[in-house]
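As structure tokens, the structure follows; a few thoughts come after it.
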Amino acid sequence: MALRGLAHSGPSSRGPSEEAVAAAEERRAPVVVAAGAVREDDEEDDGRGRGLLRWDGFSAWLHCVCVVGFDLELGQAVEVIYPQHSKLTDKEKTNICYLSFPDSNSGCLGDTQFCFRFRQSSGRRVSLHCLLDQFDKDLPVYLKDPAYFYGYVYFRQVRDKTLKRGYFQKSLVLISKLPYIHFFHTVLKQIAPEYFEKSEPYLEAACNDVDQWPAPVPGKTLHLPIMGVVMKANTHISVILPTVHEVDLFRCFCPVFLHSQMLWELVLLGEPLVVMAPSPSESSETVLALINCISPLKYVSDFRPYFTIHDSEFKEYTTRTQAPPSVILGVTNPFFAKTLQHWPHIIRIGDLKPAGEIPKQVKVKKLKNLKTLDSKPGVYTSYKPYLNRDEEIIKQLQKGVQQKRPSEAQSVILRRYFLELTQSFIIPLERYVASLMPLQKSISPWKSPPQLRQFLPEEFMKTLEKTGPQLTSRIKGDWIGLYRHFLKSPNFDGWFKTRRKEMTQKLEALHLEALCEEDLLLWTQKHTEVETVDLVLKLKNKLLQADREHLPVKPETMEKLRTHIDAIIFALPEDLQGILLKTGMT
């Protein structure tokens with residue numbers, strides 16, 4: 001069974017470098033276009049439907065917008081929450097306060113953008129307006145998780161002698177369940193500078209614009225007016241979702257690209273990992289790049305693009321009384337060098353260089369060398385990779401640097417490399433799991449759908465000799481050891497639960513199709529009235545289940561089953577017809 005979502009590259013006359021440059025040009029999103037642009041889908045339904053209440057459109061994109069300022073007596077404080085009816089618990093407000101400001105040691109003068117992620121308070125009801133669940137299958141797998149909020153920050157710190165502290169410090173923060181990182185950063189670039197000049201009336205106008213946006217339907221080109229009234233010009237952001245989640249992969253991996261394959265292994269295996277960076281921008285971009293590198297496999301553990309000592313999970317994640325959890329943390333406070341020095345894998349990076357420049361490559365160092373706050377950049381770990389290093393990709397990237405190939409093109413090359421590596425690793429698992437599926441001929445319309453066979457690790461290992469990753473990957477090494485480790489990881493659990501659910505739903509869908517092929521009316525003629533009523537109720541439940549669980553059933557199959565149900569009902573006495581027509585949905 002083919003791995004869904006993987007890129008298949010067909011024959012091309014262009015070399016990989018030329019293809020990368022071309023692909024990089026195509027992937028640049030979102031794009032700001034001039035006012036008055038004509039919508040490509042004017043006549044199509046905008047996805048919102050009719051009769052929505054005020055703020056329903058806003059809630060499809062954002063939970064709320066916060067302004068976080070610095071108070072001399074209180075420290076960081078939420079000054080504004082918009083819309084005003086938006087609900088945040090005290091714990092969530094505290095997290096937003098501290099995560100919206102860089103640590104004091106970062107020295108971020110001017111404007112800085114970054115993102116963070118925090119756990120929703122327990123007991124919070126999942127918003128019915130957020131379309132995350134509806135479009136779950138279209139989102140990048142490594143970012144799906146409705147139990148978390150994302151915070152997108154535009155922080156400004158400038159000298160101001162009129163203030164007691166001598167600095168103006170404020171953050172405009174978008175809180176959303178949607179992981180559209182690049183997109184929301186682009187939105188902030190449009191509205192934040194103007195907001196700092198014009199304050200709340202401007203923010204209200206911008207939120208009103210967002211409320212008019214069509215729903216975030218992945219794969220469609222959306223034209224989203226922003227800053228309309230106050231700017232006195234209709235600026236549109238034209239964006240294709242979900243490509244906007246992507247980060248500049250090569251820029252983030254640039255200081256450590258010699259070790260990118262080892263980092264891929266660490267992320268794949270769900271190992272505890274800390275990124276120590278000079279600023280929240282670098283930490284958040286690097287953490288997201290790490291999560292991205294095993295795509296389309298979902299990273300199921302927690303990850304925090306920017307994490308502070310004030311975070312509500314600080315004690316949970318820094319305790320020494322138990323092994324570090326499976327999580328990736330991005331930190332900037334030097335205090336973490338001491339607090340997290342018991343963690344098994346630490347990446348310490350310097351300032352990320354602008355596109356076109358390459359920093360000195362960091363070395364893999366032993367953890368005992370990470371003792372002081374001024375430790376040099378490096379990958380601090382005693383981990384020994386299972387796979388041999390792929391020298392070809394390193395040469396290709398180094399050649400790109402020498403030729404001053406654009407960073408976007410380098411990212412395409414690196415992303416393709418990670419994708420092919422993940423594909424080579426996952427396909428043997430996909431093939432084995434597909435073999436656990438019962439044969440279609442074993443599906444009887446008059447019996448419950450058959451069960452999947454059990455996943456047996458040793459049975460899977462035996463398949464690797466003939467159908468292992470060596471069929472698609474040139475990389476040598478201890479693939480068996482890597483699989484054994486992976487089968488004990490959270491990422492395997494998450495992947496297998498998803499595949500098992502998909503296959504169970506497929507069995508249910510095949511069972512429905514088998515029922516549709518039967519002459520059900522003829523069956524009822526050979527059975528009692530009670531048995532016929534029981535059959536109708538079961539068929540109605542099947543329809544409800546198919547709709548509720550989004551089973552992969554063709555519309556014509558559903559319609560055929562409804563026709564069968566109606567035919568059976570109308571063949572029954574009138575008193576039963578009335579009862580059955582009112583029961584459930586047909």
Side-chain angles (χ1 to χ4, degrees), residues 29-68 78-88 111 113 115 127 129-132 135 149-154 156 170-218 220-242 244:
V31 181
V32 179
V33 300
V38 179
R39 287 191 50 164
E40 294 175 12
D41 52 356
D42 264 344
E43 297 181 6
E44 292 183 27
D45 182 9
D46 65 4
R48 289 181 62 191
R50 296 183 181 180
L52 288 187
L53 299 173
R54 178 164 163 74
W55 298 120
D56 277 11
F58 178 92
S59 297
W61 290 88
L62 296 170
H63 179 72
C64 64
V65 178
C66 296
V67 177
V68 181
V78 176
E79 297 177 349
V80 177
I81 299 177
Y82 204 86
Q84 294 172 353
H85 66 265
S86 302
K87 289 182 173 61
L88 289 171
D111 293 351
Q113 285 191 258
C115 78
S127 169
H129 302 307
C130 179
L131 302 181
L132 180 60
F135 301 125
F149 278 127
Y150 287 84
Y152 303 97
V153 182
Y154 194 105
R156 174 167 288 185
K170 195 162 283 193
S171 286
L172 183 62
V173 189
L174 307 180
I175 303 297
S176 176
K177 291 179 184 174
L178 298 174
Y180 297 142
I181 294 137
H182 190 186
F183 168 68
F184 283 121
H185 280 331
T186 303
V187 171
L188 278 169
K189 280 180 185 176
Q190 298 299 308
I191 67 173
E194 199 76 13
Y195 163 73
F196 289 130
E197 300 295 326
K198 298 180 179 177
S199 200
E200 284 187 49
Y202 177 80
L203 183 60
E204 184 176 354
C207 290
N208 281 323
D209 277 349
V210 174
D211 191 41
Q212 301 304 312
W213 287 1
V217 182
K220 286 182 69 176
T221 300
L222 305 175
H223 299 272
L224 311 171
I226 192 76
M227 304 188 300
V229 182
V230 179
M231 286 289 288
K232 295 191 169 95
N234 283 324
T235 305
H236 290 68
I237 297 175
S238 174
V239 58
I240 297 177
L241 302 176
V244 290

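None of the values given here were measured: they were computed from a predicted structure. For the single chain, residues carry numbers from 1 onward in sequence order.
Listed by chain and number, the residues in a side chain to side chain contact (heavy atoms under 4.5 Å, CB included) with Gln113 are Tyr154, His185, Leu188, Lys189 (sequence neighbours excluded). Under the salt bridge (charged side-chain N to carboxylate O under 4.0 Å, His left out) criterion, Glu79 pairs with Lys170, not counting sequence neighbours.
Rounded to the nearest 0.5 Å, atoms OG1 (Thr186) and CD1 (Ile226) are 12.0 Å apart. Considering CG of Leu174 and CZ of Phe183, their distance stands at 9.5 Å, rounded to 0.5 Å.
At least one side-chain heavy atom of Glu204 sits under 4.5 Å from a side-chain heavy atom of Tyr82. By the 4.5 Å heavy-atom criterion applied to side chains, Phe184 and Leu178 are counted as neighbours.
Here the shortest heavy-atom pairing between Ile175 and Cys66 reads CG1-SG, 4.3 Å. Across every non-hydrogen atom of Cys64 and Leu88, the tightest pair is SG-CD1, 3.9 Å. Of all the heavy atoms in Tyr152 and Tyr180, the pair that sits closest is OH-N, 3.4 Å. Scanning all heavy atoms of the two residues, the minimum distance from Pro214 to Leu224 falls at CD-CD2, 3.6 Å. When all heavy atoms of Tyr202 and Gln190 are compared, the pair lying nearest together is OH-O, 3.9 Å. When all heavy atoms are compared, the tightest approach of Cys207 to Val65 is SG-CG2, 3.9 Å.
Between the side chain of Asp111 and the main chain of Arg156, no donor-acceptor pair closer than 3.5 Å is present.
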message: Walk me through whether Ser176 and Phe149 qualify under side chain to side chain contact (heavy atoms under 4.5 Å, CB included).
response: CA-CA 6 Å; Ser176 176; Phe149 278 127; over 6 Å; no
- request: Carefully, step by step, assess Leu172 and Leu203 under the rule side chain to side chain contact (heavy atoms under 4.5 Å, CB included).
  value: CA-CA 10 Å; Leu172 183 62; Leu203 183 60; 4.0 Å; yes
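Classified by interplanar angle (parallel below 30°, tilted 30° to 60°, perpendicular above 60°), the ring pair His85/Trp55 is tilted. Taking the six-membered ring for Trp and thresholds of 30 and 60 degrees, Trp213 and Trp61 have ring planes more than 60 degrees apart, a perpendicular arrangement.
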